[in-house]
Amino acid sequence: MRLPERVVVGDDLLGTVGDEIREVREAKRALVITGPNVGRMFGEVVGRSLRDAGLDHGILIVDSPTKDEARRAAERAREFDVIIGLGGGKPIDVAKYAAHLAGIWFASVPTSAAHDGIASPMASLKDSDAPYSEMMSPPRIVIADIRAISSSPPNLSRSGFGDLLAKVTATKDWRLAKVEVGEYYGEYAAHLALLSAQVVMSNRKLIGRMDEDGIRVLVEALISAGVAAGIAGSSRPCSGSEHLISHALDIISQGKGLHGEKVGISTTIAARLHGMNWRRILRALDDVGAPTSFGQLGIAREEVCRAIVMAPSIRPNRYTILHKVRPDHAQACSLVDELGVA
Ligand SMILES: [Zn+2]
């Protein structure tokens, strides 16, 4: 099991990042990897906290989560003892991969809650050989400032909600893989991932309103889902057929929609194939204010049909309901029409 050593969730924590880092390990130099906007908003308060804790620091602004960016970050990181990923998914993914390459540890300081990479060992980078997330090491420390996350754009939190709904079908796919192809199935990790979906379902109205209590639940659930992946030693509890459809859309309709938005809608398709109550999933997305159709993301019906057909080939060895059913183009389109998600 690969888990974070320390997880701190609370208000106004950005000013304590330096002390938290020192608490976990002796460090003298920290490289802060962040995005342009987050860097402008929070770079100064984090920088001050590092200086006050006696840490020298450098700042690296990343625009997109590519392997090239991560390699450049890893080169720069060799002069440092620790990397701090400050921001949404992109800087944290780059920090995770750069820390892996540079052989140093990293801290995850999310300022939005758009997906479950906050505390997980998985990193998802563009221009990767694999169009899905790869296993790295989890952050050694996670510092989640609820006040900062509550002030992030609401569509990011709604995307995080969609990424958590996915655990309903991801765990079902994992169980199916045990029954059909004898794959290892970790019941504890599966239950933990499923719990993260259930708890955000119960709090969806609060999350949709960006209420701080709701955002705290969302953040804790995203951290728990990442921990479930750390316990399983793979992304299995978090990522199933719904993620494969979303990954296929990343290829077919590049740059449209956030990860969790695509995954949330795809979960209704996976749920329908599993014979589960897909209307409940769609209603939950609607209640939280997340998109309920791919059209809202600018993705055409035809592209969704193609993505469903392509999805099993994204990971041929990760058995899911799509590998069992293998819908053809006409079946995929009628599925999309039946659910009304085009
Ligand atoms: Zn995901």
Side-chain angles (χ1 to χ4, degrees), residues 115-116 131-133 158-177 180 193-194 197-198 200-201 204 225 235-254 256-316 318-342:
H115 65 63
D116 64 16
Y132 47 83
S133 8
R158 291 165 185 165
S159 169
F161 178 84
D163 204 18
L164 286 170
L165 273 193
K167 299 355 173 197
V168 171
T169 46
T171 50
K172 200 86 173 165
D173 281 319
W174 195 12
R175 174 99 207 152
L176 183 74
E180 301 270 334
L194 195 55
Q198 287 161 345
V200 292
M201 282 268 238
R204 59 188 185 273
S235 61
R236 257 299 191 187
C238 295
S239 165
S241 46
E242 73 300 316
H243 269 71
L244 294 178
I245 297 171
S246 172
H247 295 322
L249 285 170
D250 294 342
I251 297 168
I252 294 170
S253 343
Q254 277 181 27
K256 290 184 184 157
L258 297 170
H259 170 75
E261 291 175 332
K262 286 182 274 196
V263 163
I265 306 168
S266 301
T267 301
T268 63
I269 298 170
R272 167 69 182 80
L273 291 172
H274 274 294
M276 300 166 80
N277 185 352
W278 58 270
R279 285 189 180 84
R280 192 167 151 253
I281 309 280
L282 209 54
R283 232 179 358 253
L285 288 173
D286 195 37
D287 285 347
V288 88
T292 53
S293 75
F294 290 106
Q296 289 168 269
L297 306 177
I299 300 172
R301 171 180 177 272
E302 171 60 22
E303 292 175 310
V304 183
C305 301
R306 278 170 48 211
I308 295 170
V309 176
M310 180 200 271
S313 67
I314 300 271
R315 297 188 86 162
R318 171 162 288 196
Y319 192 85
T320 69
I321 191 69
L322 284 166
H323 298 78
K324 182 172 177 162
V325 176
R326 289 199 183 271
D328 62 22
H329 190 270
Q331 288 165 331
C333 288
S334 69
L335 196 57
V336 166
D337 294 342
E338 179 197 340
L339 272 56
V341 293

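For Ile308 against Pro327, the heavy-atom pair with the smallest separation is CG2-CG, 3.9 Å. Closest heavy-atom contact between Gly340 and Ser293: O-CB, 4.4 Å. Pro237 approaches Ala170 most closely through the heavy-atom pair O-CB, 3.7 Å. In terms of heavy atoms, Phe161 sits closest to Met201 at CE1-N, 4.1 Å.
Interatomic distance, Leu249 CG to Met310 CE, rounded to the nearest 0.5 Å: 9.0 Å. With rounding to the nearest 0.5 angstrom, the OG1 atom of Thr292 is 11.0 Å from the CG atom of Leu339. A distance of 10.5 Å separates CD1 in Ile252 from CD1 in Ile245, rounded to the nearest 0.5 Å. Atom OG in Ser246 sits 10.0 Å away from atom CG in Leu258 (nearest 0.5 Å). Rounding to the nearest 0.5 Å gives a distance of 13.5 Å between OG1 of Thr267 and CH2 of Trp278.
Side-chain atoms of Lys256 come within 3.5 Å of backbone N or O of Gly298 as a donor-acceptor pair. Judged purely by atom type and a 3.5 angstrom limit, Ser334 uses its side chain to pair as donor or acceptor with the backbone of Gln331.
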Residues Arg315, Leu244; criterion side-chain contact (heavy atoms from CB on, under 4.5 Å); working and verdict | CA-CA 8 Å; Arg315 297 188 86 162; Leu244 294 178; 3.7 Å; yes
List the steps, then state whether side-chain contact (heavy atoms from CB on, under 4.5 Å) holds for Thr320 with Leu273.
-> CA-CA 10 Å; Thr320 69; Leu273 291 172; over 6 Å; no
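Using a 4.5 Å heavy-atom threshold, the side chains of Phe294 and Val336 count as separate. For the pair Leu297 and Ile265, the minimum side-chain heavy-atom distance is below 4.5 Å. Residues Val263 and His115 have side chains not in contact (no heavy-atom distance under 4.5 Å, counting atoms from C-beta outward).
Partners of His243 by ring pair (Phe, Tyr, Trp, His ring centres under 6.0 Å), not counting sequence neighbours, listed by chain and number: His247, His259. With sequence neighbours excluded, the residues forming a side-chain contact (heavy atoms from CB on, under 4.5 Å) with Pro312 are Leu322, His323, Arg326, listed by chain and number. Evaluation of the salt bridge (charged side-chain N to carboxylate O under 4.0 Å, His left out) rule for Arg158 yields no partner, not counting sequence neighbours. In terms of the side chain to side chain donor-acceptor pair (under 3.5 Å) criterion, residue partners of Ser235 (sequence neighbours excluded) are, by chain and number, Arg318. Residues meeting the side chain to side chain donor-acceptor pair (under 3.5 Å) test with Thr169, sequence neighbours left out: Glu242. Listed by chain and number, the residues in a side chain to side chain donor-acceptor pair (under 3.5 Å) with Lys324 are Glu180 (sequence neighbours excluded).
Applying the salt bridge (Lys or Arg N to Asp or Glu O under 4.0 Å) definition to pairs two or more places apart or across chains, those involving residues 161-176 are Asp116-Lys167, Asp163-Lys167. The list of disulfide (SG to SG under 2.5 Å) pairs with a residue in residues 284-313, not counting sequence neighbours, reads Cys305-Cys333. Listed by first then second residue, pairs satisfying salt bridge (Lys or Arg N to Asp or Glu O under 4.0 Å) with a partner in residues 287-308 read Arg204-Asp287, Arg301-Asp337, not counting sequence neighbours. The list of salt bridge (Lys or Arg N to Asp or Glu O under 4.0 Å) pairs with a residue in residues 262-278, not counting sequence neighbours, reads Asp250-Lys262, Arg272-Glu338. For the disulfide (SG to SG under 2.5 Å) condition, no pair includes a residue of residues 257-286, sequence neighbours left out.
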Kindly list each side-chain donor-acceptor pair under 3.5 angstrom involving residues 279-286, sequence neighbours excluded, with atom names and distances?
none

